[in-house]
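Written out below as structure tokens is the structure these notes cover.
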Amino acid sequence: MGDYRIGDIGKQLGLTADTLRYYEKIGLLKNISRTASGIRTYSDKDISHLKFIQRAQKMNFSLAEIKDLLQMREDPQHARSEVRALSHRKLAEIETHLQDLTTLRNELALLVNLCTGSEDGCPIIEGIEESHKT
Amino acid sequence: MPDSNIDIEIFSVPGCHKCGKAFQLVEAVLKELDNKTINLRRVDVVDEFDYAVALGIRATPGIAINGVLVFTTMPSAEALRKAICHNEHQE
């Protein structure tokens with residue numbers, strides 16, 4: 001399954017050829033196949049890794065942390081204790097972030113509903129602005 | 001043995017026409033039930049935004065009984081009566 005060229009990855013994930021080569025150089029991507037003429041081809045598993053990298057980067061994980069986590073993903077049973085600790089720490093960070101996001105989503109949902117439910121502008125925004133003035 | 005208090009909170013915001021109606025409805029039902037241990041409070045979402053969000057308010061009016069959001073829109077008098085009686089029996 002899967003035999004994607006650099007251009008395919010670019011279209012699918014928005015990553016440049018330089019980025020993919022860099023990931024390979026620093027060991028984020030390993031064992032990238034090549035055709036007889038030396039052209040890199042990426043498997044579904046490589047794409048899965050790249051998606052993981054993109055998600056982790058959005059959460060501000062460093063490339064070094066992502067590399068460790070990818071190694072753990074490959075062989076969870078034999079992960080080093082530092083990498084296990086890292087995964088626990090990152091999980092805690094994500095849980096906190098999720099709670100923050102959930103609260104923010106709920107706050108925005110309330111704001112949106114209050115604003116759309118009123119014929120007289122947005123009373124809650126005006127109310128908050130007033131309270132900041134005092 | 002005296003009944004425990006029941007706290008009813010109506011979440012409203014200035015400019016919300018249904019909120020006033022919800023308040024009138026709750027007052028009418030409480031008058032009918034004639035339960036002196038029920039505390040009614042009108043919560044302005046602008047003033048107590050964090051509390052409203054924490055309770056799950058996503059729109060107004062909202063009605064909470066004993067700190068639990070029970071109605072997320074204007075209830076019928078019957079539904080309100082049932083919810084209050086349910087809490088009375090739980091106390």
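Each chain gets a letter, A, B and so on, in the order the sequences are listed, and its residues count up from 1. Reckoned from all heavy atoms, side chains included, excluding hydrogens, waters and symmetry mates.
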Contact residues of residues 69-76 of chain B (partner chain A; heavy-atom separation under 4.5 angstrom): none
Go through the structure and list residues passing ring-ring contact (aromatic ring centres under 6.0 Å, His included) with Tyr51(B), not counting sequence neighbours. Phe11(B)
Same cluster (ILVMFWY, side-chain, under 4.5 Å), [X] and [Y]:
X	Y	value
Val68(B)	Ile10(B)	no
Ile66(A)	Leu13(A)	yes
Leu40(B)	Ile65(B)	yes
Leu28(A)	Met72(A)	no

Considering only heavy atoms, which portion of Asp50(B) lies under 4.5 Å from any heavy atom of chain A: side chain, backbone, both, or neither? side chain
Listed by residue number, which members of residues 74-106 of chain A have a heavy atom under 4.5 Å from any heavy atom of chain B? Thr103(A), Asn106(A)
What residues, two or more places apart in sequence or in another chain, satisfy salt bridge (charged side-chain N to carboxylate O under 4.0 Å, His left out) together with Arg34(A)? Glu24(A)
CD1 of Ile57(B) to CG of Asn113(A), rounded to nearest 0.5 Å, is 11.0 Å
How many angstroms lie between CG in Leu108(A) and CZ in Arg58(B), if you round to the nearest 0.5 Å? 11.0 Å
All heavy atoms of Leu110(A) vs all of Ala52(B), minimum pair found to be CD2-CB, 4.4 Å
